[in-house]
Engineer: 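First, the structure itself, so that you have it in front of you.
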Amino acid sequence: MRINEHYLTLEESYLFSEIAHRVARYTEAHPEADVIRMGIGDVTLPLCPAVVNALEAAGAEQGKKETFHGYGPEQGYDFLRKAVLEYYRERGISLELADIFIGDGAKSDLGNILDLFHEDNTVLIPDPVYPVYRDTNQMAGRRIQYLNATRENGFLPMPDWNQPADLIYLCSPNNPTGAVYTRDQLEEWVRYANQQGAVLLFDAAYEAFVQDPALPRSIFEIDGAKACAMEFCSLSKTAGFTGMRCGYTVIPGELQRGGVPLQALWLRRQTTKFNGVSYPVQRAAAAVFTPEGMAGCRKNLEVYRQNALLISQTLTDMGLWHVGGVNSPYLWMECPNGMSSWEFFDHLLQGPHIVGTPGSGFGKNGEGFFRLTAFGSPESTREAMARLRESC
């Protein structure tokens, strides 16, 4: 018996687990500290009424023989898949029902999709990056080539046409930096992926934060994307489903490699390894896409947008360079006074009692930078910014 030794190449602790451990140790030693958490991107506002009503109604259905639901379709119930299909159609994107797969969040699907691809594939991943992209490929022993995202390119790396690639990860709006690709930039990435015969894995988990109509919210707004891309979306931030767990992945029927539709492979994988999202959660998710649900979600999103604007204005007033905060819930700031990422983490935790995320945890290009999130309450965000002004 042999273990998968690729796991031994990983960092000992997942980034956000390490942050949680450090904060727990500090608060245990300093129980009087009023710590404000702006690190992990968890939402704080409750589900909107339309979602709660649908969830309660579906739960009641499960208590009656006539309306009870057991195992559902692994790719999701049609009522939710059709709602997602209509959500895209309203944005001018034409898809087929077979293209839509319901899952328990973008994180799971982004990792599990790798079952479809050979371990010898070369993977392009931005640096800094959401750790799941890097770690799941490292677990499989794939060759990872990093795209340098830096202050000079606005943390939006572009393709090197001389560099071969099989799999390409893009996230826009980006986690952790909050930067958003323009239409021209995504058009170049699609041309590159098609020229390489690569598959572009596009993480659109934060698309609902994009307010500028000139900025794409989906890779399928780009001509040629259906031949090279799949898209991963989540309701965690759009509708506050971090505790509910529901998202969707779009794999167009046109996306084929080696003469094989990847859609068919993903369906085969899901029917073997996944039992689907629970019926009540899918009913609640479908309510998100109703007029009442969208209005409720937009109301909550606006609170987070105002938080982001306040954080951005505070950093600007303090002369601290940053990106994000507009069209994104994340702000990516340069650490003041030449501090390293973890030094600034300790400074904020021990001084003003603010928890953020050290940029170095997202890759080597993240060293010297720091991520703040806008998912707190307005009150805690205002208090955190007042403390930040006093401490830096």
Engineer: Scan for ring-ring contact (aromatic ring centres under 6.0 Å, His included) pairs involving residues 219-264, sequence neighbours excluded, and state none if there are none.
Structural biologist: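 Listed by first then second residue: nothing to list.
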Engineer: I'd like to know if Arg305 and Glu302 make a salt bridge, using a cut-off of under 4.0 Å between side-chain N and carboxylate O.
Structural biologist: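 Yes, this pair counts.
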Engineer: Quick check for you: to the nearest 0.5 Å, what is the distance between Leu265 atom CG and Arg269 atom CZ?
Structural biologist: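 The CG atom of Leu265 sits 12.0 Å away from the CZ atom of Arg269.
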Engineer: Please report the closest heavy-atom contact between Glu119 and Ala140, naming both atoms and the distance.
Structural biologist: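 Smallest interatomic distance, heavy atoms only, reads CB-O, 3.8 Å.
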Engineer: Is a donor on one side and an acceptor on the other found under 3.5 Å between the side chain of Glu231 and the backbone of Phe202?
Structural biologist: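 The answer is no, because no donor-acceptor pair under 3.5 Å joins these two groups.
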Engineer: Under 30°, 30 to 60°, or over 60°: which ring-plane class applies to Trp342 and Phe345, parallel, tilted or perpendicular?
Structural biologist: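 Rings of Trp342 and Phe345: perpendicular, over 60°.
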Engineer: Nearest 0.5 Å, what's the CG-CE distance between Leu348 and Met339?
Structural biologist: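 It comes to 7.5 Å.
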Engineer: Taking Asn4 for its side chain and Met139 for its backbone only, find out whether a donor-acceptor pair lies under 3.5 Å.
Structural biologist: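 Here the side-chain-to-backbone pair exists.
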Engineer: I'd like to know if the side chain of Gln282 and the backbone of Tyr77 have a donor-acceptor N/O pair within less than 3.5 Å.
Structural biologist: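 A pair under 3.5 Å: yes.
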Engineer: To the nearest 0.5 angstrom, please state how far the CG atom of Leu388 sits from the CE atom of Met318.
Structural biologist: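 With rounding to 0.5 Å, CG (Leu388) is 4.0 Å from CE (Met318).
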Engineer: Check Ser341 against Pro358 and note the closest heavy-atom contact, atom names and distance.
Structural biologist: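 Ser341 and Pro358 have their closest heavy atoms at CB-CB, 3.7 Å.
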Engineer: With no hydrogens and no angle check, is any side-chain donor or acceptor of Asp203 less than 3.5 Å from a backbone partner on Cys171?
Structural biologist: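 Checking the backbone N and O of Cys171 against the side chain of Asp203, no donor-acceptor pair under 3.5 Å is found.
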Engineer: Let me confirm one number: the NE2-CG distance from His347 to Leu349, rounded to the nearest 0.5 Å.
Structural biologist: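 Here the interatomic distance stands at 11.0 Å.
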Engineer: Which value, rounded to the nearest 0.5 Å, describes the distance between Leu110 atom CG and Leu201 atom CG?
Structural biologist: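 Nearest 0.5 Å value for the CG-CG distance: 7.0 Å.
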Engineer: Between the main-chain N or O of Pro128 and the side-chain N or O of Tyr146, is there a donor-acceptor pair closer than 3.5 Å?
Structural biologist: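 Looks like no, no N/O pair under 3.5 Å.
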Engineer: Which residues, ordered by chain and number, are linked to Phe68 in its hydrophobic cluster, where ILVMFWY side chains connect at heavy-atom gaps below 4.5 Å, directly or through other members?
Structural biologist: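 Noted: Phe68 shares its cluster with no other residue.
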Engineer: From the options Asn121, Thr122, Asn137, select the one residue that forms a side chain to side chain donor-acceptor pair (under 3.5 Å) with Arg143.
Structural biologist: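 Among Asn121, Thr122, Asn137, the one meeting side chain to side chain donor-acceptor pair (under 3.5 Å) with Arg143 is Thr122.
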Engineer: Could you tell me which non-hydrogen atom of Ala165 sits nearest to which non-hydrogen atom of Ile168, and how far apart they are?
Structural biologist: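 Looking at all heavy atoms of both residues, the shortest contact is CB-CG1, 4.2 Å.
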Engineer: Might you point out which heavy atoms bring Pro164 and Tyr192 nearest each other, and give the distance in Å?
Structural biologist: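 For Pro164 and Tyr192, the tightest heavy-atom pair comes out as C-OH, 4.1 Å.
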Engineer: Cation over ring, Arg91 on Tyr87, under 6.0 Å and within 45°?
Structural biologist: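 Flagged: Arg91 positioned over aromatic ring of Tyr87.
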Engineer: Show me, pair by pair, the donor-acceptor contacts under 3.5 angstrom made by side chains of residues 283-296, not counting sequence neighbours?
Structural biologist:
unit_1, atom_1, unit_2, atom_2, d
Arg283, NE, Tyr279, OH, 2.9
Thr290, OG1, Ala287, O, 2.7
Thr290, OG1, Gly293, N, 3.0

Engineer: With a 3.5 Å distance limit and no angle check, can you tell me whether Thr67 reaches the backbone of Glu61 through a side-chain donor-acceptor pair?
Structural biologist: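 The answer is yes, because a donor-acceptor pair under 3.5 Å joins these two groups.
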Engineer: Rounded to the nearest 0.5 Å, what separation is found between the CD atom of Gln185 and the CG atom of Asn153?
Structural biologist: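 Going from the CD atom of Gln185 to the CG atom of Asn153 covers 9.0 Å.
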Engineer: Do Glu86 and Lys82 sit within salt-bridge range, that is, some charged N less than 4.0 Å from a carboxylate O?
Structural biologist: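 Lys82 and Glu86: not salt-bridged.
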Engineer: Tell me whether Asn307 contacts the main-chain N or O of Gly376 through its side chain, where contact means a donor paired with an acceptor under 3.5 Å.
Structural biologist: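 Looks like yes, one N/O pair under 3.5 Å.
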Engineer: Is the distance between the ring centroids of Phe369 and Phe362 under 6.0 Å?
Structural biologist: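 They do not qualify: ring centres at least 6.0 Å apart.
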Engineer: If only side-chain N and O atoms count, and only distance matters, is there a donor-acceptor pair under 3.5 Å linking Ser218 with Glu221?
Structural biologist: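 The answer is no; no qualifying pair exists.
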Engineer: Who pairs with Glu334 by salt bridge (charged side-chain N to carboxylate O under 4.0 Å, His left out), at least two apart in sequence or on another chain?
Structural biologist: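 In terms of salt bridge (charged side-chain N to carboxylate O under 4.0 Å, His left out), with neighbours along the sequence ignored, Glu334 is linked to Arg151.
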Engineer: Can you tell which of Tyr206, Tyr130, Trp332 makes a side chain to side chain donor-acceptor pair (under 3.5 Å) with Asn175?
Structural biologist: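 Among the candidates, only Tyr206 passes.
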Engineer: May I ask you to say whether Arg134 pairs ionically with Asp127, meaning some side-chain N is under 4.0 Å from a carboxylate O?
Structural biologist: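 Answer for the salt bridge query: no.
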Engineer: Keeping Gln62 on the side-chain end and His69 on the backbone end, is there a donor-acceptor pair under 3.5 Å?
Structural biologist: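 Yes: the side chain of Gln62 pairs with the backbone of His69.
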Engineer: Decide side chain to side chain donor-acceptor pair (under 3.5 Å) for Arg217 and Ser172; before the verdict, give the C-alpha distance in whole Å, the side-chain angles of both, and the deciding distance to 0.1 Å.
Structural biologist: CA-CA 8 Å; Arg217 294 169 55 188; Ser172 181; over 6 Å; no
Engineer: Tabulate below the donor-acceptor pairs under 3.5 Å that side-chain atoms of residues 37-58 make, not counting sequence neighbours, or state none.
Structural biologist:
unit_1, atom_1, unit_2, atom_2, d
Asp42, OD1, Thr242, OG1, 2.7
Thr44, OG1, Phe375, O, 2.6
Asn53, ND2, Pro49, O, 3.3

Engineer: Is any side-chain N of the basic residue among Glu187 and Arg183 closer than 4.0 Å to the acidic one's carboxylate O?
Structural biologist: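 Salt bridge absent between Glu187 and Arg183.
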Engineer: So, for Trp189 and Leu147, which heavy atoms are closest and what is the spacing to 0.1 Å?
Structural biologist: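 Looking at all heavy atoms of both residues, the shortest contact is CH2-CD1, 3.6 Å.
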Engineer: With side chain to side chain donor-acceptor pair (under 3.5 Å) as the test, would you mind laying out the steps for Arg268 and Thr272 before giving the verdict?
Structural biologist: CA-CA 6 Å; Arg268 184 66 177 87; Thr272 302; 2.4 Å; yes
Engineer: Is Leu8 isolated, or which residues cluster with it under the ILVMFWY side-chain rule of less than 4.5 Å, directly or via members?
Structural biologist: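 Met1, Ile3, which link up through side-chain heavy atoms under 4.5 Å apart, make up the rest of the cluster.
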Engineer: Might you point out which heavy atoms bring Ile311 and Thr373 nearest each other, and give the distance in Å?
Structural biologist: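 Heavy atoms only, the tightest pair is CD1-O, 3.7 Å.
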